[in-house]
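Comments concern the structure below.
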Amino acid sequence: MNLYEKGLIDRLIKDGCLPEKEYADLIRGRDNEAAKVLADHAVGIRKKIFGDAVYTRGLIEISSICKNNCLYCGIRRDNRNADRYRLSREEILACADEGWDLGFRTFVLQGGEDPFFTDEVLCDIVAGIKKSHPDCAVTLSMGERSRGSYLALFEAGADRYLLRHETADREHYAMLHPAEMSFDNRLRCLNDLKEIGYQVGCGFMVGSPGQTPETLAKDLKLIETFRPAMCGIGPFIPHHDTQFRDEKAGTVELTLFLLSVIRLIHPKVLLPATTALGTIDPRGREKGILAGANVVMPNLSPVGVRKKYELYDNKICTGEESAQCRGCLETRIGSVGYRLVVDRGDAPDYIRK
Ligand code: SAM
Ligand code: FES
């Protein structure tokens, strides 16, 4: 680390932000020493706000059917080899019941943009989960929808919405998505969700094709200005049936570095150590926690469908029962000095409108 980079780190720690160009310089000039200083501060600030608690969310992958064609994604519409499934209302509610008994207090319903899940169908499922478990939080991650749809789902009881922005650089966005998808609509969705009153999560893949320190600097600026309640970042991992099959995966090292930077920019953010991070490194999630993350999202989907929700190659946790997944994560998190808590794990200071 040279004096210039040391100066950048000192200012990031002091001010919680940097000019965009300096974010890019920090990323380009990073080394192990810089990563260690940032991680130490990120962990310190995370401990002040969250103590040793790690929040957990039960992930229910409700459909692998998708009308979109994101170029990086294994369940994109044009992948004829993908084995498609859709969970029924009863199956989804049963996953939530099982999850509740295992200690989950947040359920994340995630899926492709499957036209079957109209507002009526999805609202009924959200309301059903809330009726059985009034004290839980429901997070949706069902892609781009209209403002009216987001409003109806919020009124049905949904609390949070995850929609990664994928990249804050317009041209990079166009490289990763087909022409019918637009960066503007992505931002429109995120703004609508926030205005409606959701706890909103944005985020991006680390190491996606075409990503540069400059595009990452824009991602960091977006986090600084949009101030999401949650931010999902994990390495890009190629899927063999996509045009990015021969691209390199993102690295553990850069993902951990960015987790620490994001914690410093936005101390109260809910920051998951993702499954993708655990896929490229067997101890990736533990390392994520030690870099400043404070959330894990074990899988609650029925074991029979897990392999079919194949966003990228070699995804972990596709063979275990939900109880095993929770137990495994409890041990992993414990091994680095933290503990999984039975708690909704809302964003600090959040009050539902
Ligand atoms: N349809 C919803 C959406 O678009 O937000 C949720 C499902 S989508 C598959 C969830 C996230 O998976 C995406 O936001 C993307 O960042 C991530 N993802 C997709 N393909 C990936 C890949 N090859 N490597 C790593 N992450 C990937
Ligand atoms: Fe729709 Fe990936 S392209 S979930």
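Numbers for residues simply follow the sequence, beginning at 1. Note that the structure is a prediction, hence the values are computed from the model and not measured. Whatever order the structure lists ligands and atoms in, that order sets their numbers, starting from 1.
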Can Tyr161 and Phe154 be said to form a side-chain contact (heavy atoms from CB on, under 4.5 Å), step by step? CA-CA 9 Å; Tyr161 206 103; Phe154 187 71; over 6 Å; no
Applying side-chain contact (heavy atoms from CB on, under 4.5 Å), run through Ile280 and Thr251 and close with a yes or a no. CA-CA 8 Å; Ile280 58 165; Thr251 64; 5.7 Å; no
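The ligand atoms of ligand 1 that sit less than 4.0 angstrom from a heavy atom of Ser141 are 2 (C), 6 (C). Per-residue contacts place Arg186 under 4.0 angstrom from the following atoms of ligand 1 (heavy atoms of the residue considered): 4 (O), 5 (O). Within ligand 1, the atoms closer than 4.0 Å to a non-hydrogen atom of Arg164 are 14 (O), 15 (C), 16 (O), 17 (C), numbered from 1 in the order shown. Close approach of ligand 1 to Leu163 (heavy-atom distance below 4.0 Å) involves ligand atoms 5 (O).
Close N/O approach between Tyr72 and ligand 1 is found [any backbone or side-chain N/O within under 3.5 Å]. Of the N or O atoms in Tyr309, none lie within a sub-3.5 Å distance of an N or O in ligand 1. An N or O contact shorter than 3.5 Å links Ile237 to ligand 1 by distance.
Of the listed residues (Ala276, Gly234, Pro235), the one carrying the non-hydrogen atom nearest atom 25 (C) of ligand 1 is Pro235. Distances from atom 1 (N) of ligand 1 to the heavy atoms of Gly143, Ser208, Gly207, Gly111 put Gly111 nearest.
Val296 and Tyr338 fall within a single hydrophobic cluster, where Ile, Leu, Val, Met, Phe, Trp and Tyr are joined by side-chain heavy atoms under 4.5 Å apart, directly or via other members.
Atom 2 (Fe) of ligand 2 has as its closest protein heavy atom Cys73 SG, 2.3 Å. In this structure, the protein non-hydrogen atom closest to atom 18 (N) of ligand 1 is Met205 SD, 4.0 Å.
Within a 4.0 Å radius of atom 8 (S) of ligand 1, the protein contributes no heavy atom.
Using a 4.0 Å cut-off between heavy atoms, Cys66 contacts ligand 2 through its side chain alone, with no backbone atom that close.
A salt bridge links Arg344 with Asp346: the distance from a Lys NZ or Arg NE/NH1/NH2 to an Asp or Glu carboxylate oxygen falls below 4.0 Å.
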